[in-house]
Amino acid sequence: MLTVLALMFQTATLYADNAKAAMTCAQAVTIVDSSSKSPLQLTSQFTYLAMQSAKAKPGAGSFFDQLNALSEQVGKDAALTPEQAKTLAPLCDKRFPIARSPAPARLPSDPFRRDMLCFGTLSVLQGAAEEIAKAGSDSQLTKIRAALTPLTDKMTDDALKKRGLASDGAFVKALGDEMLASLPVGNPMTVAAACGVTLS
């Protein structure tokens, strides 16, 4: 009986391992915020935390392959209960304060790096917006596509070659590196806003 009581009153804790903690938090904050935030906001939070996990424990393939693998893994893992999620969410906010923060993001001062970050972030959000559009409104998707067009136009072969990004692999790696570098300054939604696309 005493053991049961001790377990009941144990303080919830996160893994010390940032890769595991980030994916636990991705699940926890999605559950906690599912009724109060938009699907794109939930995607932003989840993506940010998946990025933290990928940074802490790089896997095989490109950065974007790793994000997809982590998303699939969450679906296979045992789901947290709403009670567990509610207990863990404050710990997640303490460990990864930017994941749910609406504070403005700071973009790189270098124009090319800024364009790369905006391109990578909006491309990730575009995938989520396409799924959302299937179920209803396509207003967010329209905004993202409109913002991506001029960025895509800038990413010419010549422009990329000048930056040493002559292959698709080098370009994808540079995109991933830029997104990982943005972790201390904003989550996908706040980065998108800094890029001129307000999606809330």
Side-chain angles (χ1 to χ4, degrees), residues 10-34 37 39-82 84-108 110 113-114 116-128 165 168-195:
Q10 260 186 352
T11 305
T13 57
L14 281 175
Y15 292 104
D17 179 282
N18 257 8
K20 290 181 180 179
M23 292 317 295
T24 300
C25 288
Q27 201 180 138
V29 299
T30 299
I31 292 169
V32 167
D33 290 341
S34 60
K37 293 190 176 179
L40 208 57
Q41 287 174 314
L42 296 176
T43 298
S44 171
Q45 293 173 181
F46 183 95
T47 300
Y48 179 88
L49 290 160
M51 287 165 61
Q52 286 281 8
S53 183
K55 181 182 180 183
K57 188 179 180 182
S62 75
F63 167 72
F64 300 99
D65 290 337
Q66 291 174 56
L67 288 187
N68 287 334
L70 288 167
S71 297
E72 289 173 10
Q73 186 59 46
V74 165
K76 296 173 186 173
D77 291 341
L80 296 173
T81 66
Q84 289 171 323
K86 188 175 180 181
T87 304
L88 287 169
L91 302 178
C92 294
D93 287 338
K94 188 173 182 180
R95 179 86 68 92
F96 306 107
I98 292 173
R100 299 203 288 174
S101 172
R106 297 186 313 276
L107 298 181
D110 177 76
R113 287 188 58 207
R114 187 166 61 242
M116 288 282 282
L117 177 57
C118 290
F119 181 85
T121 301
L122 291 172
S123 294
V124 169
L125 290 175
Q126 179 179 233
L165 306 174
D168 289 346
F171 176 60
V172 169
K173 183 181 185 307
L175 278 180
D177 289 347
E178 206 57 64
M179 290 184 69
L180 287 173
S182 77
L183 285 172
V185 299
N187 57 55
M189 288 287 275
T190 59
V191 168
C195 295

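We're numbering straight along the sequence, starting at 1.
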Do Phe96 and Val29 touch side chain to side chain, with heavy atoms closer than 4.5 Å?
no

Go through the steps to decide whether Gln45 and Thr30 satisfy the test side-chain contact (heavy atoms from CB on, under 4.5 Å), and finish with yes or no.
CA-CA 8 Å; Gln45 293 173 181; Thr30 299; 5.5 Å; no

Closest heavy-atom contact between Ala181 and Arg113?
CB-NH2, 4.3 Å

Once you round to the nearest 0.5 Å, how far does OG1 of Thr121 lie from CE of Met179?
4.0 Å

Quick one: OG1 on Thr43 to NZ on Lys37, what's the gap to the nearest 0.5 Å?
12.0 Å

Could you tell me whether a side-chain N or O of Ser34 sits under 3.5 Å from a main-chain N or O of Ile31, the two making a donor and an acceptor?
yes

For the CG atom of Leu165 and the CE atom of Met116, what is their distance to the nearest 0.5 Å?
5.5 Å

Residue pair Leu107 / Val191, side-chain heavy-atom distance below 4.5 Å
yes

Audit row: Cys195, Phe119, side-chain contact (heavy atoms from CB on, under 4.5 Å) steps and yes/no:
CA-CA 9 Å; Cys195 295; Phe119 181 85; over 6 Å; no

Taking all non-hydrogen atoms of both residues, which atom of Ala89 and which atom of Val32 are closest, and how far apart?
CB-CG2, 4.0 Å

Between Arg95 and Ala21, what is the shortest heavy-atom contact and its length?
NH1-CB, 3.4 Å

Exactly one of Met23, Lys57, Met51 clears side-chain contact (heavy atoms from CB on, under 4.5 Å) with Leu70, and that residue is Met23

Flag the pair Gln27 / Leu88 as yes when at least one side-chain heavy-atom distance between them is below 4.5 Å, and no otherwise.
no

Tell me every residue that passes salt bridge (charged side-chain N to carboxylate O under 4.0 Å, His left out) with Asp65, counting only those two or more places apart in sequence or in another chain.
none

Heavy-atom nearest pair, Ala28 first then Cys92, reads CB-SG, 4.4 Å

Do the side chains of Lys94 and Leu91 get nearer than 4.5 Å, heavy atoms only?
no

Starting at OG1 of Thr24, measure out to CG of Leu80 and round the result to the nearest 0.5 Å.
6.5 Å

Can you see whether Arg100 engages Asn187 through a side-chain donor-acceptor pair at a distance of less than 3.5 angstrom?
no

Shortest non-hydrogen separation from Ser53 to Ala22 and the atoms involved
N-CB, 3.8 Å

Do Asp177 and Lys173 sit within salt-bridge range, that is, some charged N less than 4.0 Å from a carboxylate O?
yes

What I'd like to find out is whether the side chain of Pro188 reaches to under 4.5 Å of the side chain of Val124, using heavy atoms alone.
no

Nearest 0.5 Å, what's the CG-CG distance between Leu117 and Asp110?
11.5 Å

Closest non-hydrogen contact found for Ser71 with Phe46 is OG-CE2, 3.4 Å

First locate atom OG of Ser182, then atom CZ of Arg106, and finally report the distance between them rounded to the nearest 0.5 Å.
11.0 Å

Would a 4.5 Å heavy-atom cut-off, applied to side chains only, mark Val172 and Phe63 as touching?
no

Answer yes or no: is there a side-chain heavy-atom contact under 4.5 Å between Cys25 and Leu14?
yes

Intermediate values then yes/no, side-chain contact (heavy atoms from CB on, under 4.5 Å), Lys86 and Thr81
CA-CA 9 Å; Lys86 188 175 180 181; Thr81 66; over 6 Å; no

